[in-house]
There are 2 protein chains.
Amino acid sequence: MINLKNTLFEKKLKVTPQRLKVLEAVYNISHPTAEDVIKYIRKRYFDIATGTVYKILETFVEKGLIKKITTDKDIIRYDGILKPHHHLYSLEGNLIKDYIDEELDKILQEYFKHKKISDFEITEISLQIKGKFNK
Amino acid sequence: MINLKNTLFEKKLKVTPQRLKVLEAVYNISHPTAEDVIKYIRKRYFDIATGTVYKILETFVEKGLIKKITTDKDIIRYDGILKPHHHLYSLEGNLIKDYIDEELDKILQEYFKHKKISDFEITEISLQIKGKFNK
DNA sequence: TTCTTAAAAGAGAATAATTCTCATTTAAGA
DNA sequence: TCTTAAATGAGAATTATTCTCTTTTAAGAA
């Protein structure tokens, strides 16, 4: 169980009720949009301005507390998992799942140790795996 | 040199001047946004309604003529290259480059032939490689 | 505990990308 | 050439996101 207050404190961010709840939301919802976060907080805790949530999410991304994830929809989603991982995308719906595979990471790391891409320095590699979820 | 008229015809799409130019634009601009396509056409050929361009791009994606590509910005980009490939993303600016690497594709294919992801059928794998371009 | 102040939050207007509606035009086959 | 379903255009509507400016508050100092 993560101590939310401490997480903010370590990043030198003022601990506010709004920030605590946004962080909680991103940790508890899978790949939420800003709108998802707003609903989560309004339903359970208190009213919050949309601009505030957008601002807080942006701040968290800058501080490296959460990550933006890429989708080909026009809505930005966020991810509370920081350790490098990949994503499974449903070709049918909006479902996105995390995919963690350290063996694969090792293979990729090994591969790019030898194969250099000219004029490009790799910081991070993530796979988008598209397909179909079977129920 | 691709025959644009024929490309549309094969997909059973009415051949219109607007569609021809949108297709030309996506082939000639690297990872354009809808706005990029509109500017391209207006500058060189004729005025075109924004809604028309959005509609045409959507139609092309549905017919598999082009692909949407994912970015963590809030703008959708398109890609005229259909053969499976990966993308290099600049962490600094908006630069996106195609990255084609058949050796890597083979390794991934081999890897996932053995390693199955439970309840998921892979259709397509693409890498997002983030990092820094060196001039 | 109270005071101070920079930072954060709130309200709502502004912006920008995208979608929608409906009237008009046009490609393509009869 | 005629017919018609499909495509385009114009602009309004929608929606996600950002911005502005005022008010509130967290946190450290006194």
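Residue numbering restarts at 1 for every chain, and letters A, B, ... go by the order of the sequence lines. These numbers come from a predicted model, not from an experiment.
Nucleotide C:dA16 holds its P atom 12 Å from the NZ atom of B:Lys39, rounded to whole Å. In this structure, the CD1 atom of A:Ile56 is 15 Å from the C1' atom of D:dT17, given to the nearest Å. Atoms CG (A:Leu8) and C1' (C:dA9) sit 15 Å apart, rounded to a whole Å. Atom CG of A:Asp47 is separated from atom P of C:dG12 by 11 Å (rounded to the nearest Å). When rounded to the nearest whole Å, the span between CZ of B:Arg42 and P of D:dT8 equals 14 Å. One atom, CZ of A:Phe60, and another, C1' of C:dA8, lie 12 Å apart when rounded to the nearest Å. As a whole-Å value, the separation of A:Lys12 NZ from C:dA8 P is 14 Å. Across the protein-nucleic acid pair, B:Ile38 atom CD1 and D:dG11 atom C1' stand 14 Å apart, rounded to whole Å.
Note that B:Arg44 lies in the cation-pi zone of B:Tyr40, set by a 6.0 Å cut-off to the ring centre and a 45° limit from the axis.
Ring orientation note: the planes of A:His86 and A:Tyr99 are tilted relative to one another, at an angle of 30° to 60°.
For A:Tyr54, a side-chain nitrogen or oxygen approaches OP1 or OP2 of D:dT17 to under 4.0 Å. Between D:dT25 and A:Gln18, no contact under 4.0 Å exists linking OP1 or OP2 to a side-chain N or O.
When Watson-Crick and G-U wobble pairs are counted only if both distances are under 3.5 Å, C:dA30 pairs with D:dT1.
Counting heavy atoms from C-beta outward, B:Arg19 and B:Lys14 have side chains that approach closer than 4.5 Å. Side-chain contact between B:Ile38 and B:Glu35 is present, with heavy atoms from C-beta onward closer than 4.5 Å. B:Asp79 is not listed as a side-chain neighbour of B:Ile66, based on a closest heavy-atom distance of 4.5 Å or more.
Between B:Glu124 and B:Lys67, at least one side-chain N (NZ, or NE/NH1/NH2) sits under 4.0 Å from a carboxylate O, which counts as a salt bridge.
The shortest non-hydrogen separation linking B:Tyr78 to B:Ala34 is CE1-N, 4.4 Å.
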- Note on the structure: Counting primed atoms, P, OP1 and OP2 as sugar-phosphate and everything else as base, the B/S/- map of nucleotides 20-30 of chain C against protein heavy atoms under 4.0 Å is B------BS--
